[in-house]
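Data block below; observations after.
In what follows, chains are A, B, ... by sequence order, proteins preceding strands, each numbered from 1.
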Number of protein chains: 2
Amino acid sequence: MTDTRWLDPTEMAAWRAFLSTSHLLERRIEEQLKSAAGLTHPQYEILVRLADAPDRQMRMTELARGVVVSKSALTYQITQLEKAGLVERATCPSDDRGVLAVLTDAGMRCLERVAPGHLEVVRAYLIDRLTRDELETMTRAMSKTEQALRD
Amino acid sequence: MTDTRWLDPTEMAAWRAFLSTSHLLERRIEEQLKSAAGLTHPQYEILVRLADAPDRQMRMTELARGVVVSKSALTYQITQLEKAGLVERATCPSDDRGVLAVLTDAGMRCLERVAPGHLEVVRAYLIDRLTRDELETMTRAMSKTEQALRD
DNA sequence: GCGCGAAAGTTCAAATCTGAACAACAAGTA
DNA sequence: TACTTGTTGTTCAGATTTGAACTTTCGCGC
């Protein structure tokens, strides 16, 4: 509590810019996905992760960690996606406690249909505005923080 | 829809890192604020903005834009902060439709008490891990996106 | 002065998120 | 084998967010 280390102008500018931008971009993405496919951003991320996974399936806990969401939120969202026919639950062969979330064919098609429009937003507002150098610096910077927070 | 521009590995790495990091950091901050002061991150941001504003007061809409939250969410949060005695509502002299959110003395003291712990988290996971150069590059990159999204 | 499109805040219903509590199972130890 | 500790996924209650609908007020052109 003693001698607080405040942020100097450069640090403050960086933090403010990061904070505002992440929230603004999140809102824009949410809006695009909702209007284009009726999906939320977490739901879209779930589909992406599953599509990238071996056999298009993943354990619930691992998936929750990847998408950065609580276990209960994932339970809820997988149920929603199951109702929509995009994902199915399967029992885990190696662990009777476990549940596998599996991407269905319909889910894969949905993802392929939605991805272009989503990527266009990510490009238009972020990726395409940065130089190669800025992209790499950002990756390096973000990775440090991500690593530190994964504990 | 024709010829989708996918993200190459460098672009994808940058986007993934940004996305995960912002969510992880958000969760960590939320946790710290909740346990240290019973505040949510949006609530804390409201106090910060008001403390920085002339006369410690701001119009609702302007405040909502600053914190990047919907008008209805701000209405809700200001009501919460009012119950806690940290903020008050005042009528706007120049516009009868308007409402001013005003930071109380208790609100200012609360902020001064909570800020150090909050900044420690921002430093520990983000700011202190970046070089001066990375900080500046990040600010430049984020500002481009922020600017593009403020429309 | 009048009317009219735009803006400010609030209210409301619906959806979502989180943490705590819980039940079932795993894995290692005595 | 029986115990103990930790993990997994779900359920539940409570808090929060969002967009749409609505009321009131501005600002302007006529």
For D/dA15 and B/Q77 - does any side-chain N or O of the residue sit under 4.0 Å from the phosphate oxygens OP1/OP2? no
When rounded to the nearest 0.5 angstrom, what distance separates CD1 in A/I127 from CG in A/L119? 9.5 Å
Integer-rounded Å distance: C/dC17 P and B/H41 NE2: 19 Å
Picking from C/dC12, D/dT17, C/dG9, which would you name as closest to the side chain of B/Y76? D/dT17
Is the distance from OP1 or OP2 of C/dA15 to the nearest side-chain N or O of A/Q80 less than 4.0 Å? no
Gap between atom CD of A/E11 and atom CZ of B/R132 - 0.5 Å precision: 5.0 Å
Check the hydrophobic clustering (I, L, V, M, F, W, Y; side-chain heavy atoms under 4.5 Å; chains of links allowed) and say if B/L100 and B/I46 are grouped together. no
Separation of A/K34 atom NZ from D/dG19 atom P, in whole Å? 9 Å
Within the sub-3.5 Å range, which N or O atoms of nucleotides 22-27 of chain C have a protein N or O partner, and how far apart are they?
residue, atom, partner, partner atom, Å
C/dA26, OP1, A/D96, N, 3.4

Kindly point out which of D/dT18, D/dG9, C/dT10 is positioned nearest to the side chain of A/R59? D/dG9
Whole angstrom is fine here: how far is it from CD in B/E45 over to P in D/dT17? 13 Å
How many whole angstroms separate atom NZ of A/K83 from atom C1' of C/dA15? 11 Å
Please answer: with hydrophobic residues joined when any side-chain heavy atoms are less than 4.5 Å apart, are A/V122 and B/M12 in the same cluster? yes
Which atom names give the shortest non-hydrogen contact between B/S20 and A/V68, and what distance separates them? O-CG2, 4.3 Å
Rounded to whole Å, please give me the gap between NZ in B/K71 and C1' in C/dC12. 15 Å
Do the side-chain N and O atoms of A/T104 and A/R56 include a donor-acceptor pair separated by under 3.5 angstrom? no
Residue mapping more 5' on DNA chain C - nearest nucleotide basis, A/S72 or B/M60: B/M60
Could you tell me whether B/T61 contacts a base, only the sugar-phosphate backbone, or nothing, with contacts defined as non-hydrogen atoms closer than 4.0 Å? sugar-phosphate
Give the nucleotide from the list C/dG9, D/dG9, C/dT18 with an atom nearest to the side chain of B/V99. C/dG9
Below 30° counts as parallel, above 60° as perpendicular, anything between as tilted: where do the rings of B/W15 and A/H118 land? tilted
Just N and O in the side chain of B/R89: are any of them under 4.0 Å from OP1 or OP2 of C/dG9? no
Report the distance from atom CG of A/L74 to atom C1' of C/dC17, rounded to the nearest whole Å. 12 Å
Report yes if a side-chain nitrogen or oxygen of A/R27 is closer than 4.0 Å to either non-bridging phosphate oxygen (OP1 or OP2) of D/dT17; otherwise report no. no
Calculate the interatomic distance between B/L39 atom CG and D/dA15 atom C1'; express it in whole Å. 14 Å
Gap between atoms CD and C1', on B/E30 and D/dT16 respectively (whole Å): 10 Å
